[in-house]
Amino acid sequence: MSVISVMSNKGGVGKTTISINLAAALVRQDKKVLLVDFDPQASLTTGLGFVRDENTVTIKHVLEKVINGEKLNPKEGIQQHSEGMYFMPSCIDLQGYETSLINEYGRENVLKTHIDCVKDDYDYTIIDGQPSLNLLIINVLTAVDRIIIPIQTQEYSVTGLRVYFDFLEMLNRRGLNQRLVIDGLLPSMVNERTKESKAQLAEIYKDYGDSHRIFFNSIPHTVKLQETSSHGVSIFKHDSKSRAAQVFEILAKEVINIGRERSEDRNRIEQPTRSGKKLKTRRAKGSADKQAAHTV
Ligand code: ADP
Ligand code: MG
């Protein structure tokens, strides 16, 4: 029942591609997964090969119903992809809808209200947002429990990432989402063979290796991943033997393990010892655990 988003304030860093392929990889680990397209560009919807028509119920229609207090079937609008993941399409009208949201009471929590009603049906809900730091993205940030931050290594800048962390800290100070945890930084579009890429990865480790988890495998820059969206499939369907497919399989296992470690930590907090004292969490002990549980 984790709600995750692959997020950054930069476009074109591979967020949508990672969301789709992570979802497909989780399905292959027997997880039930819902993808929610919350980007007006709808690249997740098209990347799954879905063609909308005038009758398609999108996330924008669903949110309108939430705001109007209309009766809503939690399954409304949800489609299923041939590879098993469920998804909720988006549409360009969502962009204009941001303006109507501004005047709504509880405007930061409209998406959360809906996600809270549907998430129990899935092991993972993955929300794909847009790169801007606007009200739509604040809605994503209040709805999720966990975020993964992709970093395109060629474009890496410590200042760029700082802006994003400052934004997350501002939300946290305002109490918009106290549950939010950063799972880690995920180097993406990495050209593994070049010296520059290695140097950029070393730079990321130097700047953030002590404070954040950096995912074990980087997402490689490969035409295979680029091709997946035009075919409307994941890398597992497109080329299951590729390095990219292996990387996504490992990423899904890492994501599952991070969730497990956290719930073990929570159980340790809640379980009293015979003497009545609460057990210490592993989190308090070591830097590795600190990495795994970095809260914004
Ligand atoms: P974002 O959601 O961050 O805007 P996308 O996932 O839409 O990024 O990717 C932007 C473009 O880069 C798309 O054309 C996509 O096919 C391509 N792309 C994404 N990931 C990779 C990758 N690892 N290697 C090569 N091309 C990629
Ligand atoms: Mg995108």
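As the structure is a prediction and not an experimental result, all values here were calculated from the model. When a ligand or atom number is given, it counts from 1 through the structure's own listing order.
The N/O atoms of Thr16, backbone and side chain alike, include one that comes under 3.5 Å of an N/O atom in ligand 1. For the pair Gly12 and ligand 1, the shortest N or O to N or O distance falls below 3.5 Å. In terms of polar-atom proximity, defined here as any N/O pair under 3.5 Å, Asp128 makes no such contact with ligand 1. Residue Gly14 has at least one N or O atom closer than 3.5 Å to an N or O atom of ligand 1. Backbone and side-chain nitrogen or oxygen atoms of His221 are examined, and none is located within less than 3.5 angstrom of a nitrogen or oxygen of ligand 1.
With ligand atoms numbered from 1 in the order given, ligand 1 contributes 16 (O), 26 (N) to contacts under 4.0 Å with heavy atoms of Gln226. Every atom of ligand 1 with a heavy atom of Ile219 under 4.0 Å away is listed here by number and element: 23 (N). When each atom of ligand 1 is checked for a heavy atom of Lys15 under 4.0 Å away, the hits are 1 (P), 2 (O), 3 (O), 4 (O), 6 (O), 8 (O). Less than 4.0 angstrom separates some heavy atom of Pro220 from each of these atoms of ligand 1: 22 (C), 23 (N), 24 (N). Using a 4.0 Å cut-off to heavy atoms of Val13, the atoms of ligand 1 that qualify are 1 (P), 3 (O), 8 (O).
By the 4.0 Å N-to-carboxylate-O rule, Arg162 lies too far from Asp207 to be salt-bridged with it. Using a cutoff of 4.0 Å between basic side-chain nitrogens and carboxylate oxygens, Glu108 and Arg174 are not scored as salt-bridged. Taking 4.0 Å as the cut-off between side-chain N and carboxylate O, Lys75 and Asp121 count as a salt-bridged pair.
Side chains of Ile126 and Leu22 form a contact here, defined as non-hydrogen atoms less than 4.5 Å apart.
Residue Gln41 does not count as close to the Mg ion (ligand 2), with no N, O or S atom under 2.8 Å.
Here the protein heavy atom with the shortest distance to atom 25 (C) of ligand 1 is Thr222 O, 3.2 Å. Atom 18 (N) of ligand 1 has its closest protein heavy atom at Met189 CE, 3.6 Å. Of all protein heavy atoms, the one lying nearest to atom 19 (C) of ligand 1 is Thr17 OG1, 3.2 Å.
Crowding of Asp30 atom CG: a count of heavy atoms from other residues, nucleotides or ligands under 6.0 Å not exceeding 12.
A side-chain donor-acceptor contact under 3.5 Å links Asp128 and Thr16.
Under a 3.5 Å cut-off, the side chain of Ser263 and the backbone N or O of Arg260 do form a donor-acceptor pair. Arg107 places a side-chain N or O within donor-acceptor distance of the main-chain N or O of Ile102, the cut-off being under 3.5 Å.
Taking CG from Asn21 and CG from Leu225, the interatomic distance works out to 5.5 Å, rounded to the nearest 0.5 Å.
Within 4.0 Å of atom 13 (C) of ligand 1, not a single protein heavy atom is present.
Nearest heavy atoms, Lys15 versus Lys10: NZ-O, 2.5 Å.
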